[in-house]
Every structure is written in structure tokens, then in C-alpha cells.
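The analysis underlying the following values was restricted to heavy atoms, covering all of them including side chains, and did not include hydrogens, waters or symmetry mates. A, B, ... follow the sequence lines: proteins, then strands. Residue 1 opens every chain. Keep in mind that what you see is a predicted model, and the values were worked out from it rather than measured.
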Amino acid sequence: MRGLTERLYKAGILLQLLAFVLGLAFTQAAFAAEPGSLAAIKAAGKIRIAVFADKPPFGYLDESGKNVGFDLVIARRVVKDLFGREDAVEWVLLEPANRVEYLEANKVDIVFANFTVTKARAEKVDFALPYMKVALGVVSPDRNVIRDIKDLRGKKLIVIKGTTAETYFAEKHPEVELLKFDEISEAFQALTDGRGAGLSNDNTFLFAWANTNKGYTVGVPSLGSLDTIAPAVRKGNKELLAWLNGEIRNLGKEKFIHKAYAEALAPYYGNSVDPEDLVIEGGEFR
Amino acid sequence: MPNSGFEVLLSVNNLRRLAVGLGGTLEIALISVAIGLALGIFYGLLLTSKNRLVYGLCRLYLEAFRIVPVLVWLFLFFFGSAIVLGVNVEGFFVSVAVFSLWGCAEMGDLVRGTVTAIPLHQWQSAEALGLDKWQVLRFVIIPQALRKITPPAVNLVTRMVKTTPLVVFVGVTEVLRVGKQIIEFNMMKNPLASFWIYGFIFMVYFLICWPVSRFSKKLEERWAF
């Protein structure tokens with residue numbers, strides 16, 4: 001019996017070794033070209049850009065499964081200006097929480113995924129010039145539009161727990177009475193039920209909501225500190241960063257971001273929104 | 001109701017995309033189940049080793065895959081390989097590797113449990129009848145072990161299939177992710193799409209896992225004493 005089990009052990013060890021070697025071979029097979037520099041990207045003949053696949057209207061897949069959205073319109077143009085054609089790109093679909101890691105691990109060259117510039121992120125990746133700005137907004141019924149925070153005196157404002165809107169009003173305007181909800185759908189239901197005079201959230205989100213729900217207006221389109229949205233490259237990839245910044249400045253000259261807005265965002269936001277509240281041209285943001 | 005949301009399931013494009021996603025799910029699940037179960041059998045025999053070094057190493061591997069969540073392993077392999085080794089491994093290979101290793105660890109423990117559960121006298125009696133080592137294994141031990149291991153092994157297979165949606169975090173497109181993409185695309189004009197898409201995906205998982213457990217039940221009945 002011992003002889004048999006011993007033989008089995010040996011066979012087992014051999015198989016595990018084989019698996020390990022096979023694993024290594026797999027790894028070698030999946031080796032991608034040494035990425036990074038502008039020259040390497042050009043030599044590879046394509047650039048790897050990370051985008052969202054389920055965040056309309058910024059980055060999503062249309063009915064046929066094609067990558068579309070505001071970020072994609074700009075990213076396609078960047079690819080075209082780099083290679084002379086739009087299809088020299090590999091779209092890498094990612095989740096919001098992974099964006100920094102994809103750059104750190106060198107799995108993509110540029111992240112073009114509604115990436116809000118924050119101090120914490122800027123320590124790990126290099127942000128290029130911004131192309132969009134976001135702020136808080138307040139949406140309210142047409143019959144009683146809230147146009148200023150003063151209009152909220154003595155009224156209730158609906159916010160969603162854990163959002164920047166909740167923090168902003170608690171810190172900067174403690175005089176406004178807040179009605180808090182856990183879920184986005186609950187909060188909007190409360191607004192339509194008339195339980196609050198208005199609802200505050202990211203303005204981009206409110207524009208889209210007000211556009212599909214008639215009878216509501218984003219009376220306060222921009223509030224609180226403005227955050228910017230920019231593409232990002234791997235920390236220290238100076239060459240690509242410089243090229244990208246130059247590209248964004250050039251796009252500003254022909255007001256390309258406005259064109260991207262008209263193509264991808266206007267259908268979602270409708271005519272009620274002033275593009276100037278969202279778009280940044282040529283990276284110029286005071 | 002003008003917009004029940006059901007039409008999202010009638011769109012040929014949506015169904016085609018869901019089918020492609022399902023292909024991704026099945027590919028990873030089937031390859032990992034095959035590799036995991038096959039290696040798991042040998043690994044399980046190693047786990048019965050009396051050699052303390054062999055046993056210790058095997059135990060370490062088993063506990064590592066039991067204690068650390070599969071998602072963390074996926075991240076470790078996907079980002080770890082790139083940051084530490086500078087090697088860019090595709091999400092698909094990472095998924096297959098992690099799911100195979102996980103399947104192997106779990107299967108190994110099942111095999112160890114089953115083999116140790118077969119009483120020593122079964123070996124001894126079979127040898128007393130004049131069977132050689134391979135015959136004992138072939139005619140006495142394996143048939144008994146197989147019968148004992150089928151239910152938990154099938155349970156493991158369905159668990160592996162149901163865990164595959166985690167691969168989206170390493171960039172692999174599978175059926176649940178495609179579903180989410182379709183739901184988000186339809187969010188504004190078709191808010192009820194989520195009900196039908198998730199319902200569809202529920203049925204798909206059921207149709208994969210149910211026949212597997214039916215099959216195991218059949219086997220158990222056929223092998224019953």
C-alpha cells in the first residue's frame with residue numbers, strides 16, 4: 001500500500017509541477033507589448049484607453065454593443081489625431097473603483113472614464129487638462145422653482161445620504177432643513193410626492209432626470225465647489241501627458257468639446273441646460 | 001402599461017450580446033471546473049500525506065484559498081502580476097487560473113475527506129482477496145469514493161459557476177455585465193428593463209446549474225446500493 005500511495009504522491013507532485021509550468025507558458029503567451037512611451041504606443045499601432053461601459057451618457061454601449069458616450073466622442077478624436085484613424089484603439093472596459101489601479105498596473109495608457117480630479121487620485125496618477133466640470137445642483141417643480149438657496153428658507157430640501165450634497169448643505173448651509181433618503185429612487189419619489197421643495201445632487205445627474213421628467217427644472221445649476229473631469233495617464237508618463245495636454249488645447253481652438261456635448265450630452269440633458277455650465281474648452285478652468 | 005420593459009428581451013441585438021456574455025461565463029466556468037477537479041483529485045491524495053512538509057504546504061495552499069476571497073485573488077493575480085512582475089496577463093487567463101486554483105483547493109479537500117472516510121479494512125480485505133494495488137483502487141476504493149464525493153463535488157461546480165460574475169473586475173465580459181450594460185442603456189426610456197434582464201439571467205443560471213444537480217442525483221440513484 002505504501003508503494004502505491006508513494007507513487008500517487010509522486011504523480012501528484014509531477015502534475016502540480018506541470019500545471020505550474022503550463023501556467024507560466026500561459027503567462028508568456030498573454031504577454032503584451034512593453035507599453036508606456038508615446039513611441040511604444042505608436043510602434044504598437046494602437047493605444048489602450050479605459051472607458052466605462054454602463055455609465056450613460058458618459059461611457060456606455062449602445063444597442064449594437066458599440067462604445068459610445070461623451071467620453072468616447074473625445075477619446076475617438078484623440079485617437080484619430082494620434083494615429084490618423086479612429087480605430088487604432090483598444091477600449092478597456094472598467095469599473096469606477098478600478099480606474100487608478102488600471103493605470104498603476106500599466107494595463108491602459110489613458111483613462112477616459114468620467115474621472116473626477118481629486119487630490120488623493122492626483123498622487124497616484126497624472127491628470128491631463130480637464131474637459132468638463134461638475135457641481136451640485138437643485139431640481140424643483142416648475143410651479144415653484146428654487147433659483148437660489150435663499151428660496152429654500154423654511155422649506156425642506158431632499159438629499160441622498162452619503163453624497164457630496166448632504167455634506168455641502170450640512171457644512172455650508174445649516175439653516176436649510178434636509179430630508180434624507182438612502183436610495184436615489186426613494187429621494188426622487190419624495191420630490192414627485194411633494195415632500196420637499198427641491199432635491200440636490202450632482203448637476204449632471206439632475207439635468208438628465210429633469211429632461212425625462214416633465215414639470216421639473218434644475219433651477220440652481222451650479223453650486224458648491226466645482227470639480228473637474230479630466231483624462232489621466234500613468235504617474236510619470238510625462239511624454240504622453242504633454243502630448244495629451246497639447247491635444248486638449250488644440251481641441252479647444254475649434255470648440256470640439258462643445259461639439260461632443262451636442263452629440264452625446266444634449267440628447268440626454270435637453271435644451272434646458274447651458275453647455276457652459278458643464279464644458280471646459282482647451283483645459284481653461286479658473 | 002405602455003412600456004413594460006419586456007421588449008428589451010425581444011431585441012435580437014440584446015439577445016445576441018447576452019449570448020456572447022454567456023459564452024464568456026461558460027468558457028471560464030467549464031475550463032476552470034475541468035482543470036480544478038482534475039488537479040483537485042491528485043491534490044486531495046497529497047493532502048492525505050503523512051509527510052509533514054508535504055502536508056504543511058498543501059494545507060497552506062488550501063487555507064489560503066479558503067480564507068482569502070476569490071475577488072482578492074483575482075486582484076492579486078491581475079494587478080499583482082503587472083505591478084510586481086511587470087507582466088501583463090489578460091483578465092481571461094487570470095480568471096481561469098484563479099478559478100482553477102480555487103476549484104483544485106476545494107476539490108482536494110473533498111477528496112481528502114472521502115479517502116480518509118473509507119475504512120482501512122476495505123483496503124485490507126480487498127488485498128486479502130488477492131487484488132493488487134491498482135485493482136483495489138479500481139474496484140473497491142474509487143467506486144465507493146466516487147459515490148461519496150459526487151454530491152459535494154456537484155455543489156462545488158455550481159458554486160464555481162455562480163461565482164463567475166466576479167471576473168468583471170478584471171475586465172472580462174460575462175453575462176451579468178452585459179445585462180447591466182443593457183439595463184443602463186435603457187435606464188431613462190425603459191426603467192423596467194432591469195426586471196426582465198435580471199429575470200432572464202436568473203433563468204440562465206438556473207438552466208446551467210439545475211441539469212448539473214439533476215445529473216448528480218441520477219448518478220447517486222444509479223450507484224445506490
Side-chain angles (χ1 to χ4, degrees), chain A residues 1-16 18-19 22-24 26-35 48 50 52-57 59-65 67-69 92-95 97-98 101-102 104-108 185 208-209 211-213 267-268, chain B residues 11 13-14 16-17 20 35 38-39 41-46 48-51 54 58 75 78-83 85-94 96-97 100-101 104 120 123-124 127 132-134 136-137 168-171 173 177-178 180-189 191:
Chain A
M1 191 178 142
R2 175 179 285 170
L4 173 65
T5 32
E6 247 170 36
R7 255 185 286 163
L8 275 176
Y9 291 151
K10 278 179 190 159
I13 289 170
L14 263 174
L15 260 171
Q16 302 251 321
L18 187 72
L22 270 176
L24 274 183
F26 258 136
T27 314
Q28 295 292 333
F31 223 108
E34 187 65 21
R48 301 165 304 161
F52 283 145
D54 52 12
K55 302 283 178 292
Y60 60 104
L61 301 184
D62 69 5
E63 258 156 353
S64 62
N67 291 88
V68 291
V92 178
L93 312 182
L94 44 53
E95 303 295 313
N98 275 348
E101 286 77 6
Y102 265 77
E104 283 186 324
N106 215 344
K107 291 199 175 271
V108 296
S185 51
W209 188 83
N211 189 42
T212 40
N213 291 270
Y268 267 79
Chain B
S11 147
N13 262 328
N14 286 352
R16 187 182 50 81
R17 285 172 58 198
V20 171
I35 299 178
L39 288 183
I41 292 171
F42 287 96
Y43 168 62
L45 294 172
L46 278 180
T48 61
S49 166
K50 306 258 178 334
N51 182 325
V54 173
C58 288
F75 281 155
F78 189 63
F79 294 118
S81 60
I83 293 171
L85 305 174
V87 179
N88 209 337
V89 187
E90 267 175 44
F92 175 80
F93 293 105
V94 167
V96 168
S100 301
L101 285 170
C104 171
L120 189 62
W123 293 85
Q124 292 166 338
E127 278 177 16
D132 71 27
K133 305 284 149 62
W134 285 109
V136 174
L137 211 59
V168 299
F169 289 102
V170 292
T173 298
R177 179 184 226 186
V178 175
K180 212 175 143 216
Q181 290 164 355
I182 296 172
I183 289 167
E184 292 297 330
F185 176 70
N186 287 287
M187 190 178 63
M188 291 290 176
K189 59 179 189 228

Checking heavy atoms, do the side chain of [X], its backbone, both or neither come under 4.5 Å from chain B?
X     : answer
A/F52 : neither
A/D62 : both
A/L94 : backbone

Next on the checklist: Given heavy-atom pairs under 4.5 angstrom as the criterion, report whether the side chain, backbone, both or neither of B/F92 touches chain A.
Outcome noted: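 Contact with chain A: none, neither part.
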Next on the checklist: Which atoms of B/V136 are under 4.5 Å from chain A, going by heavy atoms: the side chain, the backbone, both sets, or neither?
Outcome noted: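 Nothing of B/V136, per the 4.5 Å heavy-atom cut-off to chain A.
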Next on the checklist: Check whether A/K107 reaches the backbone of B/V89 with its side chain - one donor and one acceptor, N or O, closer than 3.5 Å.
Outcome noted: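 Confirmed, A/K107 side chain pairs with B/V89 backbone.
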For the residue pair [X] and [Y], what are the closest heavy atoms and their distance?
X      : Y      : value
B/F185 : A/Y268 : O-OH, 4.3 Å
A/A105 : B/A82  : O-CB, 3.2 Å
A/L93  : B/T173 : CD1-OG1, 4.5 Å
B/Q181 : A/D54  : CA-CB, 4.1 Å

Item to check | Choice from A/E101, A/E63, A/E95, A/K55 maximising heavy atom contacts with chain B below 4.5 Å | outcome: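 Counting heavy-atom pairs under 4.5 Å, the top option is A/E63.
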